[in-house]
Amino acid sequence: QMADPFLYNTGERSHYGCLGHEVQIDYLKAYVCRPSFSTDKAVIVVHDVFGWQFPDIRYIVDLIAGHGYITICPDFFKGTKPWTSTDHWADFPDWLKNHDPMKVDKEADVVLKYLKEQCGAKKIGIVGFSWGGMAVHHLMLKNPQLAAGVSLYGIVRDSEERYRLLNPTFFIFGEKDHTISLDQIFLLEDKLKQYCKVPYKIKVYPGQVHGFAQLKPEDMKPDDKPYIEEARRDMIDWIKMFV
C-alpha cells in the first residue's frame, strides 16, 4: 500500500472570491487574471490533481497576475472530472492513466497560441504544482516557447531524457514530502549537473509537506507560513529573472 502520491490534506477550505474570469479557448476552458496595466508577459499555471477550479490554484493565478503577468490556468483535464478528496485512493492509478501529466503538449500549444495572438504575449513562463509540476518538467524539456519554468513538488521520474532542459527551470520541494524522497531530489541534482546546459535551481524547504506552497493565507499554519511565503517569493523571482 503506497501513500497517496499527490494528495495533501485539503481539509476545510475557506471561501475564495476570485479576481479573474473564465474563458473558452478552442476546446479548453481556462481561468485568466490580468494585471492592472497592460503587459506582453504571461505565465501559464498548471493545476494539480484537484483541477483548474480548485480555489487554491485560482489564488495562485491571482497572486502571479498581481506581479504584472497575464496569468492563465487552463483545464488540462479537458472537462473530465478532477480528483477529489472524497475519491478512493485505490482508484487513483486508473484515474492517472487517463490524466497523464506527460500528455499536455497539445493543450500547452493551444494556450501559447491564445496568449500570443489574443493577449499580445511575447514572453511566456510556466508554473505547475504536483501533477502540474510533473507537466512543467515535461514541457521544459519539449517546448522552447516557454522562457522559464517552475516545477513545485512534481514527482521525479528517472530516465536519461529527463534532464536536458531547454530553458531555465526551478524545482521546489518540501523536505517532509512523503511522495518525493530526498534521494530522488539528489538524483535530479546529479543528473542536471551532468546534462543540463541552461540555468536551473533546486531548493528544499524545511519541514514542508507535499502541496505546501499553494495554501491561501487563512489556511496556513503559523510554523509553515514563512516557508510558504519564501517559496512563493522564490517562484516569482525566478519568473521575473527570465520572463
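No experiment lies behind these values; they were computed from the predicted model shown.
Using a 4.5 Å cut-off on side-chain heavy atoms (C-beta onward), I57 and F50 make no contact. In this structure, Q214 and D48 have side chains that are in contact, with non-hydrogen atoms separated by less than 4.5 Å. Considering only heavy atoms from C-beta on, F212 stays 4.5 Å or farther from M220 through its side chain. Between S130 and H210 there is a side-chain heavy-atom pair separated by less than 4.5 Å. Residues I124 and V243 are not in side-chain contact: their nearest non-hydrogen atoms beyond the backbone lie 4.5 Å or more apart.
A salt bridge links K97 to D94: one of the charged nitrogens lies within less than 4.0 Å of a carboxylate oxygen. Remark: D40 does not engage K123 in a salt bridge, criterion side-chain N to carboxylate O under 4.0 Å. No salt bridge links D26 with K113; every basic N to acidic carboxylate O contact stays at or beyond 4.0 Å.
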Inset, instruction - Run the numbers on V46 and M134 for side-chain contact (heavy atoms from CB on, under 4.5 Å), then give the verdict. - result: CA-CA 9 Å; V46 192; M134 294 176 76; over 6 Å; no

Legend entry - Step-by-step side chain to side chain donor-acceptor pair (under 3.5 Å) determination, Y31 to D62: CA-CA 10 Å; Y31 173 69; D62 294 354; 2.7 Å; yes

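Of the candidates L192, D190, L141, L192 is the only one forming a side-chain contact (heavy atoms from CB on, under 4.5 Å) with Y163. Considering V61, I72, I239 in turn, I239 is the only one that fulfils the side-chain contact (heavy atoms from CB on, under 4.5 Å) rule with V43.
Remark: R233 fails to qualify as a cation-pi partner of W238 under the 6.0 Å distance and 45° angle criteria applied to the six-membered ring.
Remark: H88 NE2 is loosely packed, at most 12 non-hydrogen atoms of other residues, nucleotides or ligands lying under 6.0 Å away. At most 12 heavy atoms of other shown residues, nucleotides or ligands fall within 6.0 angstrom of atom NZ in K29. Open room surrounds NZ on K225; 12 or fewer heavy atoms of other groups in view lie less than 6.0 Å from it. Counted within 6.0 Å of OH on Y227, heavy atoms from surrounding residues, nucleotides or ligands total 12 or fewer; the atom is thus considered open.
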Run the side-chain donor-acceptor check on residues 194-209: report pairs under 3.5 Å with partners two or more places apart or on a different chain.
residue, atom, partner, partner atom, Å
Y195, OH, E160, OE1, 2.5
Y200, OH, K193, N, 3.4
K203, NZ, E230, OE2, 2.8
K203, NZ, D234, OD2, 2.7
Y205, OH, D234, OD2, 2.6
Q208, NE2, P206, O, 3.2
Q208, NE2, D224, OD1, 3.1

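For E189, there are no salt bridge (Lys or Arg N to Asp or Glu O under 4.0 Å) partners at least two apart in sequence or on another chain.
Under the 4.5 Å side-chain heavy-atom criterion for grouping Ile, Leu, Val, Met, Phe, Trp and Tyr, L166 is not connected to L146 through any hydrophobic cluster.
Using the six-membered ring where Trp is involved, W131 and F76 have ring planes that are tilted, between 30° and 60° apart.
Between F77 and W95, a ring centre-to-centre spacing shorter than 6.0 Å is recorded.
Nearest heavy atoms, L139 versus A108: CD2-CB, 3.8 Å.
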